[in-house]
2 protein chains.
Amino acid sequence: MPTYSSVSKVDVLIIGAGPAGLMCALWMARLGINARVVEKRATPVAAGQADGIQSRTFEILDSFGLDQIWRESTHVKEATFWDPDENGKIHRSSRVPNNMKGLSRFDCTGTIHQGVIEGFLIRAIRASASVPSHPEVRIEGNIAPSSLHIDATLIDDQDAYPVMVTLKHFDENAQPGAEELVLAKYLEFRLRGETTAAIWGAMDIIPVTDFQAADIRVRSMVRSTSGGSLMIIPRENKLVRLYIQLTDSLSTNGRLTRSMVTPKVLIETARRILSPYTIDFTYIHWWSAYRIGQRSGDHFDKQGRIFLAGDAVHTHSPKAGQGMNVSMQDTYNLAVIPTYDMERKLVAKELIAFDRKFSELLSMHSAKDIMETSVELKQFFKKAPLFTTGIGVNYASSILTLVDNEAHGLAKYTVPGKRFASCQVTNHSDGRIWELHHRTPSDGRFRIMVFGGNIANDEQRFAVNTLGQWLGKTLIPRYPLINICPIVDRRLQTVRFQSELMTPMIEIFLVHTAPRSQIDVLRDVDSTYHSWHPKLGWDYDHIFTASRVATEDAIQSTQSVYEDYGIDEERGAVVIVKPDGHVGMVTSVAAKEARTRICDWFDGILQGLSN
Amino acid sequence: MPTYSSVSKVDVLIIGAGPAGLMCALWMARLGINARVVEKRATPVAAGQADGIQSRTFEILDSFGLDQIWRESTHVKEATFWDPDENGKIHRSSRVPNNMKGLSRFDCTGTIHQGVIEGFLIRAIRASASVPSHPEVRIEGNIAPSSLHIDATLIDDQDAYPVMVTLKHFDENAQPGAEELVLAKYLEFRLRGETTAAIWGAMDIIPVTDFQAADIRVRSMVRSTSGGSLMIIPRENKLVRLYIQLTDSLSTNGRLTRSMVTPKVLIETARRILSPYTIDFTYIHWWSAYRIGQRSGDHFDKQGRIFLAGDAVHTHSPKAGQGMNVSMQDTYNLAVIPTYDMERKLVAKELIAFDRKFSELLSMHSAKDIMETSVELKQFFKKAPLFTTGIGVNYASSILTLVDNEAHGLAKYTVPGKRFASCQVTNHSDGRIWELHHRTPSDGRFRIMVFGGNIANDEQRFAVNTLGQWLGKTLIPRYPLINICPIVDRRLQTVRFQSELMTPMIEIFLVHTAPRSQIDVLRDVDSTYHSWHPKLGWDYDHIFTASRVATEDAIQSTQSVYEDYGIDEERGAVVIVKPDGHVGMVTSVAAKEARTRICDWFDGILQGLSN
């Protein structure tokens, strides 16, 4: 047995401090799990690489309080399509929104430098570690794994450390050849994928151009007969990302290799495509040439102990801005471990199929091909957001996702497996309007959203209170308390007090449709919805109204939240949301069987935890 | 002449690191002025004190990129009035909005701990100092001034340091009795005011109460016959601020002194006022008792070198949440030095008058008085936001404020002297919607907002372009370039490049009403509105549309920005905004005399600077 410079244990070892690894680390930090991140690079990424963030990724970042990333991003509002006219000269054939109405409160695409995103994630991880009860999640550079072994005899023992990883240190002070041994319960791993096929170039420049009508500041897809295709994505700091199709004809021997590609080759190709418009730059931020590869991994988890995410399991071209997003969504989903493999594999397969079609449509050469695929490209583009934004992700039926025909009629647009959408509701006590997502941050809890309907109606109020009583007296005490990270709540203007840090793993909300003035919460509503604490008094933060009756101050939102969720405004519905923000199940408020369903669903997931 | 431990020079010395001093320091930091802050306290304030922030203060903080303070504040949405009924039992007599529609995009009142605000200001000051060209603004604790002298012979010399201040150090390492001498060009000073008259108590507690229908989470004014008056202000972290009227009857000898007031006295008084509802606490964050004093300083500046702000010039009761706000607005205004004394003195006088009336109305004792003043209190409350929010502040006519009857018809709701309101406009190039305030941060520049009207009309477009040409070729080159702090722009997704740091002191915007699709900015609009830079190409960030024509993506705002400003949608108007965000003058787009007016106005202020 070799000697090691050190031997240590950690619950979760994360290899790679890219966006996917850091997203995983942030979850661990928030849940108070002992974790460590090691990264080959010495410092954060400086430029280029993945930079497009999609709606669902923005929602996830927001759920950790990182909404600042959205505010600092460039929002891509429109797309234009440029095709050759009958004389072969490019012209704008259409201008369309780059968004799909009602999909998310965040635009489909924002662009921001990967280094900025990593910086926000690292600061959030450090802030979580400032909680005394939470172990620090260390992030270390200049370290890479050199070997990996799983002790198969230990994999069923929850207290054991079956994953053995040796780590090599590359910093100046490291002894040459010295290796460290880490024993871990779980390993999160990111591998670089292989690439094949055609070459594309990418560059971030400040363009000096007369490209018509400022179309350089929207997402523009230009397909020319003179030089191939090009896509423009506006970015922060006056930058523009150009994706440029390169052809073998650029090479004298008819076979282009990556080493032949230079910024000069890229800008000259761009110039040919955009002709007669001119384009140049004096400032170039980053550039690269890459071969497109589309590959999806077979197994996302190995023996329930090693989880692959990001590039390791799905490599593809970057043009649709998907890589970083799906990777971050992969590791965000990791917190719900039992179904990770199944749920995310499907997403990876869809991603590859999407990418293949998109690349194909953008790679047409002849005027005839371009013309014939023009309508197809636009239609493809129109439907793409459902998938590219991550909002359309719909996990298949499983222990975590109760697909249930009875429930479908209760909440038509709130489908088990899909992410629970955010709507604006009004706090019953103080009248402030909130995004529901802001009241349900990523802190590891399940949420039961009781859409109570019209509780000004006696019968309906009775049903809501009966359910509330059962939730408070029977369901909640069934499962142990968990430890919540107080940091999460800073944006909610609450610091959790010591006595609140241990909290039920299920949080209950009531969203009703009665006018605020008709309901006195202390008198009319069961105390499960506004719990009593001997030191802190009544709770005022879990009852909301979606009433369309404007209050005197007319600040009340008049938008129909219930309509957006597809819920009946009188009878309501119960929606259970998992810690990853996806809908777990839907059931009715009044029916007695609803309680059995809820109880069965939780018992199925929290096996062995129930009291 | 005594010996000093050190002698140093600084352009601006700021005494006091409260919100007013730090606001002043932030301006200095952003403008790159050599400044220093000294503060008697060793550490930031821990609790209590001023905590209410008003709309205009939120706007000012936002103009420095500190919008996070707004998001972390509790927003006070409603107010209730509780009066005795015919049996003397308190009941809610009305519930009204705590906001005035259209006043500001920020609520009238937000509450957040003063220490949090100071923390944000300090971090922003430090961030500005990270710019290489900017001197660091030091903030030092444990230091207080011991003497002050002005050398009258030097006050007209702009390069001299006529203000001499000796500073005493109180930290552990300081030599006892040692004093430091500082020579300054300007001094910003904050003095504690005197207090007199009646005693009020204030306390921040987590209430354990059954006060009806959650009225504990809105601003509630309770006037009882049983124990006096009380005001409730909801705060962050489940806290509630109570202002409690104390009467001499609480004392055995008929004369209450501050030393007799304890938390026990306060909560018992509150209980009597709120009876039959109960109130108690186990957690108290802060409490205080104070005598109301209402005093306004005579001179805000001494010989143009010493500026008094904050408590030094207006002491009053804290119930309306005014002190910190007016103080911060004082020092924010300091950047426009010549008229500081005149402009802010008027504001101070209004503040005192407001406060006196408000205290009087809340101090009624007999049921008869309460009943008779009930309507008056509510009416007073309804109009109060115009003043309390700081939005109503209207500086009188002066060199900086051209009050001009001709202009009034051009922009009815955009009045010289008042702050220039923010509206949502759409970037012509990329379709993103922005608050105009977000495009005009506090960086020391003047702004000419050319509301160009319908530039799809040939004649109007010609007028806009003629004006643009004059602005670009004649007005802008008339004044020297200034150095802009790059930090300010981070939220705008632009880092200023070295070649942009020297920039004209006047920034030009075009906000037109033509549909985006009808205007090609590169072809149709004079280049003053989208300036050309040899290295950075065309500018895409200064032309906006307020068009009500929805674009294909229906993202376009349909709200009429021009209507809000009172500007004609066809003919437009020109609005000049000062560095403090207040309107300087309004003139027409097409009239030739407009150019003379604009030129005269700038020459009047920037005397001697013109080339």
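Quick note: numbers below take in every heavy atom, side chains included, and nothing from hydrogens, waters or symmetry partners. This is a predicted model, so every value here is computed, not measured. So that the names make sense, note that chain A is the first sequence line, chain B the second, and so on, each numbered from 1.
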Test item: B/Glu78 and A/Arg516 side chains (from C-beta on) under 4.5 Å apart, heavy atoms: yes
Shortest non-hydrogen contact between A/Arg432 and B/Ser73, atoms and distance: NH1-O, 2.9 Å
Salt-bridge present (B/Arg71, A/Asp67; N to O < 4.0 Å): yes
Side chain, backbone, both or neither of B/Pro207 within contact of chain A (heavy atoms, under 4.5 Å): backbone
Pick from A/Ile216, A/Asp215, A/Asp520, A/Val218 with the largest number of heavy-atom pairs that fall under 4.5 Å of chain B: A/Asp520
Heavy-atom donor-acceptor pair, A/Thr282 side chain to B/Lys535 backbone, under 3.5 Å: yes
Nearest heavy-atom neighbours spanning A/Arg217 and B/Asp430: O-CB, 3.1 Å
Distance (rounded to the nearest 0.5 Å) between A/Ile433 CD1 and B/His75 NE2: 11.5 Å
Those residues that, when tested against B/Thr278, pass side chain to side chain donor-acceptor pair (under 3.5 Å) (two or more places apart): B/Asp210
Chain A contact via B/Leu522 - side chain, backbone, both or neither, heavy atoms under 4.5 Å: side chain
Most contacts with chain B, counted as non-hydrogen pairs under 4.5 angstrom, among A/Val208, A/Asn427, A/Val76: A/Val208
Heavy-atom proximity to chain A below 4.5 Å, by part of B/Phe211: backbone
